[in-house]
Amino acid sequence: MRQNRMALIDLDRAIGDGDHGENMDRGFTAVLGKLQSTETETIGDVLALVAKTLMSTVGGAAGPLYGTAYLRASKAAGTTLDAAGVADVLEAALGGIVARGKADREDKTMVDAWGPASEAARDVARAGGSGVEAVQAAAEAAQAGAVATEPLTARKGRASYLGARSVGHRDPGAQSTALLLDAAAAAAREGERG
């Protein structure tokens, strides 16, 4: 998040209040600190720790949305993350975001990245792919979903106040989702290499 802080700020300045990059950087810096200082035993423990940390450190709508996503994901996580497990976690996260934000696809929100990501992971699971392949497919679908928000008119959040003037700008929440899943895919590939 730190490397992309200014890019997210620029996206959010165009259609929001400009604090998304700062909030995400602060939140995930806090997450790194908590993960280094807290013992966790399960994947669910890690995701729950991330949820609690983001809820307490990320301002605006992103904190509750991401916090709810990670909390739901923590409850869906099994002991391993094979492709089906990745799909379960992403679907649970998406469900949390939809429940919290009341947004649908094409509202120009992070749902437009989480939705394709969870579908891509499920497709890999159905095809018998690996967990790493599922995370990679999810990351690529999330990035495509973020790009696809550019021609949309915002119907939720602060950007919705701009109406048609929101067209032509990428949703910062969708882009931060793509960054998170890209980082997850990189970590999964690194873990696979040992």
[Y] and [X], any side-chain heavy atoms less than 4.5 Å apart:
{"X": "H169", "Y": "L11", "value": "no"}
{"X": "L180", "Y": "Y70", "value": "yes"}
{"X": "M1", "Y": "L8", "value": "yes"}
{"X": "L94", "Y": "V98", "value": "yes"}
{"X": "D104", "Y": "V111", "value": "no"}

Would you mind checking if [Y] and [X] are paired as a salt bridge, meaning a charged N to carboxylate O distance below 4.0 Å?
{"X": "R122", "Y": "D88", "result": "yes"}
{"X": "D171", "Y": "K108", "result": "no"}
{"X": "R126", "Y": "E119", "result": "no"}
{"X": "D107", "Y": "R155", "result": "yes"}

Return the [atom1] to [atom2] distance between [X] and [Y], rounded to the nearest 0.5 Å.
{"X": "N23", "Y": "D12", "atom1": "CG", "atom2": "CG", "result": "8.5 Å"}
{"X": "Q175", "Y": "E150", "atom1": "CD", "atom2": "CD", "result": "8.5 Å"}
{"X": "M24", "Y": "N4", "atom1": "CE", "atom2": "CG", "result": "10.5 Å"}
{"X": "K156", "Y": "T109", "atom1": "NZ", "atom2": "OG1", "result": "9.0 Å"}
{"X": "T57", "Y": "K52", "atom1": "OG1", "atom2": "NZ", "result": "14.0 Å"}

What pair of heavy atoms forms the shortest contact from [X] to [Y], and how long is it?
{"X": "L90", "Y": "A117", "value": "CD1-O, 3.9 Å"}
{"X": "P116", "Y": "A141", "value": "O-CB, 3.4 Å"}
{"X": "G129", "Y": "A83", "value": "O-CB, 3.3 Å"}
{"X": "G27", "Y": "V58", "value": "CA-CG2, 3.5 Å"}
{"X": "G18", "Y": "I9", "value": "O-CG2, 3.6 Å"}
{"X": "L81", "Y": "V89", "value": "CD2-CG2, 3.8 Å"}

If you group Ile, Leu, Val, Met, Phe, Trp and Tyr whenever their side-chain heavy atoms sit less than 4.5 Å apart, what else falls in with [X]?
{"X": "L162", "answer": "I15"}
{"X": "L32", "answer": "none"}
{"X": "L71", "answer": "M55"}
{"X": "L152", "answer": "none"}

Would you be so kind as to tabulate the donor-acceptor pairs closer than 3.5 Å made by side chains of residues 59-69, with sequence neighbours excluded?
from	atom 1	to	atom 2	distance (Å)
Y66	OH	G173	O	3.3
Y66	OH	S176	OG	2.6
Y66	OH	T177	N	3.0
Y66	OH	T177	OG1	2.9
T68	OG1	P64	O	2.7
T68	OG1	R100	NE	3.0
T68	OG1	R100	NH2	3.3

Determine, step by step, whether T79 and I43 satisfy the side chain to side chain contact (heavy atoms under 4.5 Å, CB included) criterion, reporting the C-alpha distance in whole Å, the side-chain angles of both residues, the deciding distance to 0.1 Å, and the verdict.
-> CA-CA 7 Å; T79 55; I43 297 166; 6.0 Å; no

Mark yes or no for whether [X], through its side chain, and [Y], through its backbone, hold a donor-acceptor pair below 3.5 Å.
{"X": "E140", "Y": "A137", "value": "no"}
{"X": "T38", "Y": "L35", "value": "no"}
{"X": "T149", "Y": "A146", "value": "yes"}
{"X": "D82", "Y": "G85", "value": "yes"}
{"X": "T153", "Y": "A164", "value": "no"}

According to the side chain to side chain donor-acceptor pair (under 3.5 Å) rule, which pairs have a member within residues 182-193, sequence neighbours left out?
->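 Output for this query lists Q136-R189.
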
Should V135 and V46 be regarded as members of a common hydrophobic cluster, given that ILVMFWY residues are connected when their side-chain heavy atoms come within less than 4.5 Å of each other, either directly or indirectly?
->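 Linked within one cluster.
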
Start with the C-alpha gap between D10 and R13, add the side-chain angles, then the distance that decides, and say whether side chain to side chain contact (heavy atoms under 4.5 Å, CB included) holds.
-> CA-CA 5 Å; D10 289 342; R13 278 183 181 151; 3.7 Å; yes

